[in-house]
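Index from 1, following the sequence. We count ligands from 1, going down the list as the structure has it; atoms in each ligand are counted the same way.
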Amino acid sequence: MGGGSYIWKAWRLKKMSSRQIKVYKDLMGENEVWAEKIRALCAKTNTVMLNIIGSPGCGKTALLEKMAQQNKKNITFAVLEGDVETTHDAERLDTHNIIVSQLLSGGSCHLEAKLVYHALADLELDKIDLVFVENVGNLVCPAEFDIGERAKIAVLSITEGEDKPVKYPLLFSEAKAVVLSKIDLLPHLSFDIESCVSYIKQVNPDVPIFQLSAQSGKGMEEWNEWIRKNIEGN
Ligand code: MG
C-alpha cells in the first residue's frame with residue numbers, strides 16, 4: 001500500500017466519523033498580539049529592544065556584563081533576563097548596576113511575548129535607551145517566537161561547532177547581527193573561523209559579524225559602535 005492510499009483512507013474515516021475533534025490552532029496568534037503590543041510600547045517610548053539568542057553557555061550574559069561596564073556613561077540600558085529556572089544571571093547583571101528583571105520560562109525553551117510585555121511595561125522606559133532581552137539558551141525555539149523586538153542577535157561561541165549556522169538556519173537567517181564570542185580562546189581550539197563565517201553568509205549573506213571576547217575585550221569596540229548606531233537611528 002502506498003502513501004497515497006493511506007491518506008485517502010484517513011480522509012474517508014474523517015468524512016464518515018460523527019465524532020467531534022478538538023483542533024487547537026493558531027496558538028502563535030496570541031503571541032503575535034502581545035508582540036504587537038510590545039512594538040507599540042517601544043514606539044511610544046522611543047525604546048530599542050534587542051533579542052539576544054544563543055546556546056546555553058555561549059556567553060550572552062558575559063557580553064551584557066562587559067557592555068554594562070563599557071557603556072556606563074553613554075547608554076542607559078535594561079536587561080530582561082530569560083531562564084528556565086533561577087535568578088543567577090540577573091544577580092550577575094545586578095552587580096553592574098544595570099536595571100534587570102528575571103523572566104522565568106517555567107520549563108519552556110523560549111520566552112513568549114506576553115511575559116516580555118509585562119516585564120517591559122514595568123520599566124521606566126522614558127529613562128531607558130535600550131532593552132536587551134536575553135532569551136532562554138537555545139538555538140531553535142527562541143528564533144520561532146516574535147517578541148516584538150527591533151532585531152534578533154545570534155550569539156555563537158567558538159567552543160561550539162562552526163557549522164551551527166547551517167544546522168540551525170532560522171536563527172542565523174533572521175539575525176540582524178551575529179556575534180562570534182570567546183574569540184580569545186581561538187589559539188586553543190581547532191575552530192575554523194573562515195568556514196564558520198562562510199556558513200553564516202550561506203544563510204544570511206549581508207549580516208554583520210562581530211568576532212569578540214567579553215573576557216579580553218577584543219572586538220568590543222566595533223560591537224558597541226554598532227549598538228550605538230542602532231540607538232541613534234531610532
Ligand atoms: Mg545567561
Side-chain angles (χ1 to χ4, degrees), residues 38 48-72 75-113 115-120 122-123 128 130-145 147-161 164-165 168 170-172 174-185 191 209-220 223-224 226-227:
I38 290 174
V48 174
M49 190 179 96
L50 300 175
N51 185 4
I52 312 277
I53 303 174
S55 302
C58 71
K60 300 182 293 301
T61 313
L63 177 63
L64 293 169
E65 285 182 293
K66 194 67 176 179
M67 290 190 67
Q69 291 166 2
Q70 295 185 332
N71 296 288
K72 253 179 208 143
I75 306 177
T76 309
F77 73 90
V79 176
L80 302 180
E81 179 60 53
D83 277 298
V84 171
E85 285 293 344
T86 83
T87 53
H88 292 177
D89 283 359
E91 286 163 34
R92 272 171 69 185
L93 292 164
D94 183 61
T95 61
H96 299 280
N97 287 325
I98 49 176
I99 304 151
V100 58
S101 303
Q102 180 80 49
L103 312 190
L104 295 182
S105 73
S108 180
C109 57
H110 62 273
L111 291 174
E112 288 184 21
L115 186 62
V116 174
Y117 176 84
H118 287 296
L120 193 65
D122 277 345
L123 298 174
I128 294 167
L130 181 60
V131 178
F132 284 105
V133 176
E134 184 187 329
N135 219 306
V136 179
N138 191 304
L139 289 174
V140 183
C141 313
E144 294 169 6
F145 283 80
I147 54 166
E149 71 279 310
R150 164 73 61 90
K152 290 184 173 74
I153 311 294
V155 182
L156 177 67
S157 78
I158 65 162
T159 55
E160 302 172 67
K164 290 286 188 285
Y168 304 95
L170 180 64
L171 169 61
F172 290 90
E174 290 217 336
K176 295 286 187 289
V178 176
V179 171
L180 284 180
S181 62
K182 307 191 186 181
I183 210 80
D184 55 310
L185 296 177
F191 190 89
I209 300 167
F210 298 92
Q211 300 183 21
L212 57 82
S213 164
Q215 189 73 32
S216 71
K218 191 181 176 192
M220 285 299 297
W223 167 247
N224 285 326
W226 186 83
I227 290 290

Look at Asp83 and state whether any of its N, O or S atoms is less than 2.8 Å from the Mg ion (ligand 1).
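Here the distance criterion (N, O or S atom, under 2.8 Å) is not met by Asp83, so no.
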
Quick check on the Mg ion (ligand 1): does Glu81 put an N/O/S atom closer than 2.8 Å to it?
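For Glu81, the answer is no, given that no N, O or S atom comes within less than 2.8 Å of the Mg ion (ligand 1).
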
Side-chain heavy-atom pair Ile128, Leu123 within 4.5 angstrom cut-off:
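A side-chain contact exists here, since the closest heavy-atom pair is under 4.5 Å.
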
Could you check if a side-chain atom of Phe132 sits within less than 4.5 angstrom of a side-chain atom of Leu80, using non-hydrogen atoms only?
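Of all side-chain heavy-atom pairs linking Leu80 with Phe132, none is under 4.5 Å.
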
Answer yes if the side chains of Ser105 and Ser108 hold a donor-acceptor pair under 3.5 Å, and no otherwise.
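Judged by distance alone, the side chains do not pair up.
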
May I have the angle between Asp89 OD2 and Glu134 OE2 with its vertex at the Mg ion (ligand 1), rounded to 10°?
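About 120°, to the nearest ten degrees.
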
Side chain to side chain contact (heavy atoms under 4.5 Å, CB included) between Asn138 and His110, intermediate numbers included:
CA-CA 7 Å; Asn138 191 304; His110 62 273; over 6 Å; no

